[in-house]
Participant: 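I have a structure here, written as structure tokens, and I will follow up with some questions on it.
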Amino acid sequence: MEKDREIQEILEKYSVDVPYFPMKKTKMDQIADWLFHAASYPIPEHKVNFHLMYLFQVTPIVFSLMVSVWMIL
Amino acid sequence: MYLKELKSGGPMSFTDEELMLQFQNGHVEALEKLYERYRAPLYRFVYRYSQDDQLSKDIVQDTFLKLQQKKYYFSPERGKLKTYLFQIAYNTMVTKLKAKARWRRLLPFLYKEPPVFNFSSEEKMDVERVIRSLPEGQRVVLLLYYYHDLSQHEIAKILNIPLGTVKSRLHHAIQRIRKEWGMKTDGKGS
């Protein structure tokens with residue numbers, strides 16, 4: 001199957017300069033990769049949404065307010 | 001003699017698969033030769049897909065790290081080394097981009113859009129914009145087919161999708177570019 005020449009000509013205008021970089025990462029990069037490596041997800045992804053995150057953030061505040069009110073009363 | 005040729009880099013020119021075989025037999029120089037050959041194509045592929053310089057460097061380095069770790073998984077009977085390398089690079093890139101998108105969705109205040117310093121010509125920027133505007137599936141097929149001379153069969157293998165899907169994505173990508181450039185959309189297409 002032949003390539004579309006017109007499209008090829010258009011795409012050739014997008015050249016990319018490649019900077020030099022070594023094959024191996026530096027020690028610092030390796031440590032950073034290890035620190036930020038994606039960990040296995042404890043909660044299924046489809047269940048984590050904005051509302052759940054909001055609940056995680058608000059629950060401790062509500063709980064501490066309730067405890068404070070209970071202590072005062 | 002064989003090793004001497006490998007170290008000097010010529011006049012004997014080895015195929016990718018021969019170099020990989022030498023690397024599997026313990027010649028580290030062969031891996032360096034492969035890195036020289038594929039550093040630029042892999043970087044360009046990831047860069048054109050993501051427009052992220054640091055990510056592109058990371059992916060190329062990770063691809064070669066994985067190649068070293070899984071060097072015995074490669075067998076010339078199963079396919080070309082070029083296909084194998086692009087497959088590793090693509091899978092690594094998709095995993096990293098998904099993780100990035102997840103973090104951005106959950107903690108948007110921590111995510112800062114990297115500054116774009118673009119001093120390219122207008123035409124180049126137009127092509128860059130059109131490529132970026134393509135859906136991910138169409139973009140990756142177009143890049144592999146037009147910039148890296150991979151056949152549709154090889155692309156199907158890299159992306160782990162049916163050949164028909166590759167053809168259809170390529171067709172739609174071409175139609176979209178034709179439309180953007182004000183060309184006739186009933187051209188040869190794929």
Side-chain angles (χ1 to χ4, degrees), chain A residues 1-70, chain B residues 31-32 34-36 39-48 51 53 56-58 60-62 64-65 68 95-96 98-100 102-103 105-107 120-131 142-143 145-147 149 151-152 167 170 173-174 177-178 180-181 183-184 187-190:
Chain A
M1 204 166 285
E2 277 184 35
K3 283 181 184 170
D4 188 321
R5 278 196 188 169
E6 284 177 312
I7 298 292
Q8 180 94 56
E9 278 170 22
I10 291 169
L11 294 177
E12 272 168 11
K13 288 170 188 160
Y14 184 14
S15 57
V16 173
D17 297 325
V18 183
Y20 175 76
F21 55 97
M23 181 163 51
K24 280 185 183 169
K25 288 184 177 182
T26 60
K27 283 279 172 216
M28 282 301 286
D29 287 339
Q30 285 175 12
I31 292 168
D33 271 1
W34 179 73
L35 281 175
F36 298 105
H37 189 265
S40 62
Y41 226 49
I43 310 164
E45 197 179 343
H46 64 274
K47 287 187 180 171
V48 180
N49 52 33
F50 177 77
H51 296 294
L52 188 67
M53 287 303 290
Y54 188 71
L55 199 67
F56 281 153
Q57 289 165 359
V58 169
T59 305
I61 299 168
V62 173
F63 181 74
S64 50
L65 278 173
M66 283 167 68
V67 170
S68 309
V69 170
W70 179 72
Chain B
L31 182 71
E32 282 160 13
L34 285 171
Y35 182 71
E36 276 172 34
R39 182 178 68 91
L42 290 172
Y43 175 89
R44 288 193 180 106
F45 166 60
V46 181
Y47 186 84
R48 284 192 181 110
Q51 264 103 39
D53 171 61
S56 310
K57 288 177 186 167
D58 276 353
V60 177
Q61 289 172 325
D62 286 349
F64 276 86
L65 184 69
Q68 289 174 69
T95 309
K96 285 211 176 197
K98 272 185 187 168
K100 228 176 167 181
R102 189 187 297 158
W103 278 112
R105 204 171 55 238
L106 291 176
L107 305 165
S120 314
S121 69
E122 210 171 304
E123 280 186 325
K124 183 179 165 182
M125 279 167 69
D126 279 344
V127 182
E128 195 177 328
R129 181 184 53 77
V130 173
I131 289 177
L142 185 91
L143 294 178
Y145 189 68
Y146 277 98
Y147 288 109
D149 282 330
S151 71
Q152 294 182 359
K167 285 177 193 279
L170 195 57
I174 289 169
I177 293 175
R178 283 186 162 277
E180 288 277 341
W181 250 262
M183 294 153 75
K184 282 183 183 173
K188 274 185 287 180
S190 57

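In what follows, chains carry the letters A, B, and so on, assigned in the order in which the sequence lines appear, proteins first and then strands, with residues in each chain numbered from 1.
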Participant: If you round to the nearest 0.5 Å, how far is NZ of Lys3(A) from CG of Leu170(B)?
Facilitator: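 Between Leu170(B) CG and Lys3(A) NZ, I get 9.5 Å after rounding to 0.5 Å.
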Participant: Rounded at 0.5 Å granularity, tell me how far CD in Glu9(A) sits from OH in Tyr146(B).
Facilitator: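 It is 11.0 Å, given to the nearest 0.5 Å.
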Participant: Heavy atoms, side chains only, cut-off 4.5 Å: are Val127(B) and Glu12(A) in contact?
Facilitator: no
Participant: When rounded to the nearest 0.5 angstrom, what is the spacing between OH in Tyr43(B) and OH in Tyr20(A)?
Facilitator: 14.5 Å
Participant: Supply the atom-to-atom distance Glu128(B) CD to Lys13(A) NZ, rounded to the nearest 0.5 angstrom.
Facilitator: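 If we round to the nearest 0.5 Å, Glu128(B):CD and Lys13(A):NZ are 14.5 Å apart.
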Participant: Tell me, side chain or backbone of Asp58(B) under 4.5 Å from chain A's heavy atoms, or both, or neither?
Facilitator: both
Participant: Taking all heavy atoms of Arg48(B) and all of Ser15(A), pick out the closest pair and write down the distance.
Facilitator: NH2-CA, 4.0 Å
Participant: Roughly how far, to the nearest 0.5 Å, is the CG atom of Leu34(B) from the CE atom of Met23(A)?
Facilitator: 9.0 Å
Participant: Give, as side chain, backbone, both or neither, the part of Gln51(B) having an atom under 4.5 angstrom from any heavy atom of chain A.
Facilitator: side chain
Participant: Hey, what do you get for CD1 (Ile7(A)) to CH2 (Trp181(B)), rounding to the nearest 0.5 Å?
Facilitator: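 Separation between the atoms: 8.5 Å.
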Participant: Run through Leu143(B), Val130(B), Ile131(B) and flag the one making a side chain to side chain contact (heavy atoms under 4.5 Å, CB included) with Leu11(A).
Facilitator: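 That would be Ile131(B).
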Participant: Using non-hydrogen atoms and a 4.5 Å limit, figure out which bit of Lys98(B) sits close to chain A: side chain, backbone, both or neither.
Facilitator: neither
Participant: Within the structure provided, determine whether Lys24(A) and Phe64(B) are in side-chain contact (heavy-atom separation under 4.5 Å).
Facilitator: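 Side-chain contact under 4.5 Å: no.
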